[in-house]
Amino acid sequence: MKSKKNSEQLKEIKDYEKELKSNREQFSKQVEKYMQQTGCKCIEAVLAFCEHHDIEPESVSKLLTQPIKERLEMDGQEMNILPKKNSLI
């Protein structure tokens, strides 16, 4: 009985991960599309998405892909919200 319950839970986890990955990809595409259409920064596109869908910005953290995170970090550094990293250039 335990084995069946564990396999059901494992399937639910895999389904959740698959759905999350799909949602992350859709979110990234929408953010990138908005950036291209408006010429705004990534941080502005994420906030516009949140406002449009009436959700809190904190709740989209699980939807952020690595490229979006990197763009957000660059935006934050350019806007002096985040400290700039040391570089040789």
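For the single chain, residues carry numbers from 1 onward in sequence order.
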Mind running salt bridge (Lys or Arg N to Asp or Glu O under 4.0 Å) on Lys41 and Glu78 for me, showing each step along the way?
CA-CA 10 Å; Lys41 294 186 177 288; Glu78 288 174 7; 2.7 Å; yes
Measure the CZ-CD distance between Arg24 and Gln66 for me, rounded to the nearest 0.5 Å.
8.5 Å
Between Cys40 and Ala45, what is the shortest heavy-atom contact and its length?
SG-N, 3.8 Å
Any side-chain heavy atom of Glu56 sitting closer than 4.5 Å to one from Val60?
no
Nearest 0.5 Å please: distance from the CG atom of Leu64 over to the CD atom of Glu70.
11.5 Å
With a cut-off of 6.0 Å (strictly less than), are more than 12 heavy atoms of other residues, nucleotides or ligands near CD of Glu51?
no
Just how far is it from atom CD of Glu73 to atom SG of Cys42, taken to the nearest 0.5 Å?
11.5 Å
Rounded at 0.5 Å granularity, tell me how far CG in Asn23 sits from CD in Gln30.
10.0 Å
Carefully, step by step, assess Glu25 and Thr65 under the rule side chain to side chain contact (heavy atoms under 4.5 Å, CB included).
CA-CA 8 Å; Glu25 291 170 358; Thr65 59; 5.8 Å; no
Are side-chain heavy atoms of Pro57 and Val46 found at a separation under 4.5 Å?
no
Quick check for you: to the nearest 0.5 Å, what is the distance between Ile81 atom CD1 and Asp75 atom CG?
8.5 Å
Rounded to the nearest 0.5 Å, how far apart are CG of Leu82 and CE of Met74?
12.0 Å
Are Phe49 and Tyr34 near enough that their ring centres are under 6.0 Å apart?
no
